[in-house]
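Notes follow once the structure below has been shown.
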Amino acid sequence: MLILQTLTVQPLHGYAIAQQIELLSDAVLSVEQGSLYPALERLQKRGWVTSRWGESPTGRRARYYTLTAAGRRQLGDEISDFDRVLLAINRVMRRA
Amino acid sequence: MRLLDVLRYRLRVLLHPARHASELDEEIRFHLSLEAMQREHAARGAVSGTDAGWAARRRFGNLTTTKEEAREMAGLGFFDTTEQDVRFALRSFRRAPGFTAVAVLTLAVGIGANTAIFSAVNAMLLRPLPFEAPERLIQVSLTVPPRGDSPGRDDIPWSYPKSAVFRKAQTVFKDLTLWSPSEGTIRVGTDAERSTYEVVDGRYLPTLGIRPALGRNFSAEEDATPGGAKVVMLSDAFWQRRFNADSAVIGRSLLLDGGVFTIVGVLPAGFRGISGRAELFASFMSQDARMLNEPQSHGWDMVARLKPDVTPERAKVAVRQLGGVVADAYPNQRIKNERWGAIARELDRTRVDPVVRRSLLVLLGAVGLVLLIACANVANLFLVRAAGRRREIAVRLAIGAGRRRLVRQLLTESVVLSTLGGLASILIAWWGVKLLAALDPTTTLRVRLGGIGAISFQSIRLDPVAFAFAAGLTILTGLVFGLVPALQSTRPSLAGDLKTETARLTGPRGLTSRNALAVVEIALAVVLLAGSGLMIRSLAKLIGVRPGFDAEQVLTMRFNMIGVGQDSLPAFYDQLVTRLASIPGATNVGLADCPPLNGGCNGTILVQHDRPAPAPGTEPDIGVHWVTPDWFATMHVPLKSGRVFANSDRYGTQKVVVVSETAARRYWPGQDPIGRPVSVFQGGFDKDTAYVVGVVGDVRFGTLDSLPDPDVYLSYYQSSRGRVMMFVRTAGDPRSLIGAVRREVAALAPGVPLYDVRPMRERVADAMGYARFSATLLAAFAAVALALAALGTYGVISFGVSQRTKEIGVRVALGATRGNVLRLVVGQGVGLAVVGGALGLAGALATTRVLRSLLYGVAPSDPVTLVSIVAVLMVAVIVASWLPARRAAGVHPAEALRS
């Protein structure tokens, strides 16, 4: 979900996605960066993300990932699910 | 859209796994270098490039795991695992070459035989007919109700006038055509040859959906009036062979049975008509107008194409009604109350004779059983192997391998093995298909077997369909024989297997399933043995049939005298017989119009002037044969009473006939037929009264397995007939005289082609072709099955013995004799055989019924066959268990206990 979220603005390459996630979550959610790549494969297999090779600002070849329409829909679903869960947690916390 | 994305991704990954991997590498390198750069930059030179690189690696995590996970996620994990398993399987097979060889060979034989037989089934029964939309083609025939003791028929061809009524009245067919296969002498320039052709009308090609490759089809005018234009179309093969594919052939002419025909078209390559053998296609209306206009002259097959919106079922109903219309238009003149009908059936249904269809299906079933037995055998081998690997598997389970994963690996092993078998089977299938095409039991039996010539054993070949069949079979067998051992050997029972190597090896369950497999093998083998035993007994009975003549050392060949005056024929035959008899090595010469075992000859009605005329429709039938006086002596047909023809029985002298024993018995029961006055409605014997002068032994002119019909013989010297087959009895090899006979005939009748040149002995062999074909193949399958079953039994018993060495040692130590041990082990085998045999016999009784129509003189439950196969089975099993039993009996107690 985080990966999909990072791609909403523009297509990014793998390293940039890792950076974004770290930035967005204030380094709280910084897992091993390597685990990003299997996740990207899985998203491609689901059809939520596509990839193509392009040139990075440094001039090297890099693979850019783009959110697909299906991916955007999926993100919407996940966010609303997430929101619902968050809402529930908040209610419980407030009552406690 | 999403689907498209997914598909594109999957395809890229699956089609270019190596590229996928290298791209991933590149991407990760890119990632790492950026991270390292970032760190170097952040530290402002406080860290070296290498250190930054290492830090980046640490931050990234385990490189290899990441790559593996990515591959797994991409859906390539399946392939990685499979590749590993396949490698492992191949390595372990290399370590056990004996096991591998036996298993692969067994499977190769099983799959190969199945593929070969399937190719035959595919070619003969399944492959679509070589016409456009063949499923829309319908064959329409006339039907005759049963009369007296002659059964009804539903395959009567049409006469032209009847077909015209039908054509006018029908509304269900888009197109319909009349055709008839024929044989004649074709002359191009000075070259004459005997060829097969079809006489077809102008609607033939449109009905079948074929267009001429060159020139044109017969025109509507050429198709209009009987006795009209003599035009012909050539098959591609004939055009290539006789005209060197000259495109200027249109408009030229050739001689067909003496008539001048103009060539109007050439047909596409490969098209040989419905008969499958036509060299030429002659115009329908070129036929004799008197023949075409005769309503009772039935000689034309009708094939029709359904209208687009008409179902075959509707057409069948419509044709039945139309049959009544035709019968009203042409009522039976001779038998007033007999009404003919019409029947439609899919052309595809008529493609092969029912006997061929049934034989092929029986063979397919039999060969399927062989494969099952092969599977059982290999499964058994696997079980034995798995028992040996119990420890390995137990260790794997103990250190955490999932059962699913292990089962998958074992199944991969069995599929790899079956794939090896499948590859090897291609060779066997290729050879089998060649053999089947060569064995072809139909070529020589066309007279007897119905069906469409375009479908023949010659069309059997290994095509993509057959390969697909083999591939499917391969994978299926791999799963079938692999599943049981795989599931069973991975059943977790850790502790026991880990602890001791021997005690649990034969675990009761393992032994039971191996015994069960052996019992199944034996039972299946019994079913096959029963089937082949019946076919062999039936064949033996056929061989034992006395056909009524002596076929050894007789040369036969045919020719037709056309365009010779009928009156000059007797003198010509006289000369011919004299010249042939003077050939050195020829001992006797006779002529006859139709050879024995021909599948039937022509016949007519016999009139007995010495008794009251029978009611119309019940006149006695009789087969009519023309012979020269010496024919009986040449063929060693015995004279029973009276005399045979004399050379002095000529035109102008008293007409005489000779009858067969069956005719004498049936038509003059308890009386002497000699001197009886008769007429025969053929050969000019219908008006005058002829007298019976002799009775000869029965000759089977039809088939070996049908009783001889009543026959009457006329002399060529009293009744002219242009159709001749020469029978030359020789002192030595009949073939050695072929050249001399050809020369003599050429000298007397230049330009008359001789054909169908063969020793009589071959004709007899051909008459048994079908029975021999099925019996040979079934026997071969049964032999393989028996061998496999014996091997399986041997495997089970000998494995049991090797596991029970200790126990046997104890028994011997306690005083068991060698005989006791032998009995113990062989008894186990006999036990398997008894159970398997009983099951098999029950199966055989249930299934051999399908053989009924293929058998001659044997009942499907023939006790002699069943008893003898049980005996064969017992012998095989006892031999198979005797070998391990001897080994067991040789066990030295001390050694056995110590080991």
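Note on naming: letters A, B, ... go to the chains in the order of the sequence lines (proteins, then strands), and numbering restarts at 1 for each one.
- Contacts of A/Ala16 with chain B are absent, with no heavy-atom separation under 4.5 Å from either backbone or side chain.
- Of the inter-residue distances, the one linking B/His31 atom NE2 with A/Arg63 atom CZ reads 14.0 Å to the nearest 0.5 angstrom.
- Environment of CH2 in A/Trp53: crowded, with over 12 heavy atoms of neighbouring residues, nucleotides or ligands closer than 6.0 Å.
- Around the CZ atom of A/Arg61, the shell of radius 6.0 Å holds more than 12 heavy atoms that belong to other residues, nucleotides or ligands.
- Atoms CG and OH, on B/Leu24 and A/Tyr37 in that order, are 8.5 Å from each other to the nearest 0.5 Å.
- Counting only N and O atoms by type, the side chains of B/Glu35 and A/Tyr15 include a donor and acceptor under 3.5 Å apart.
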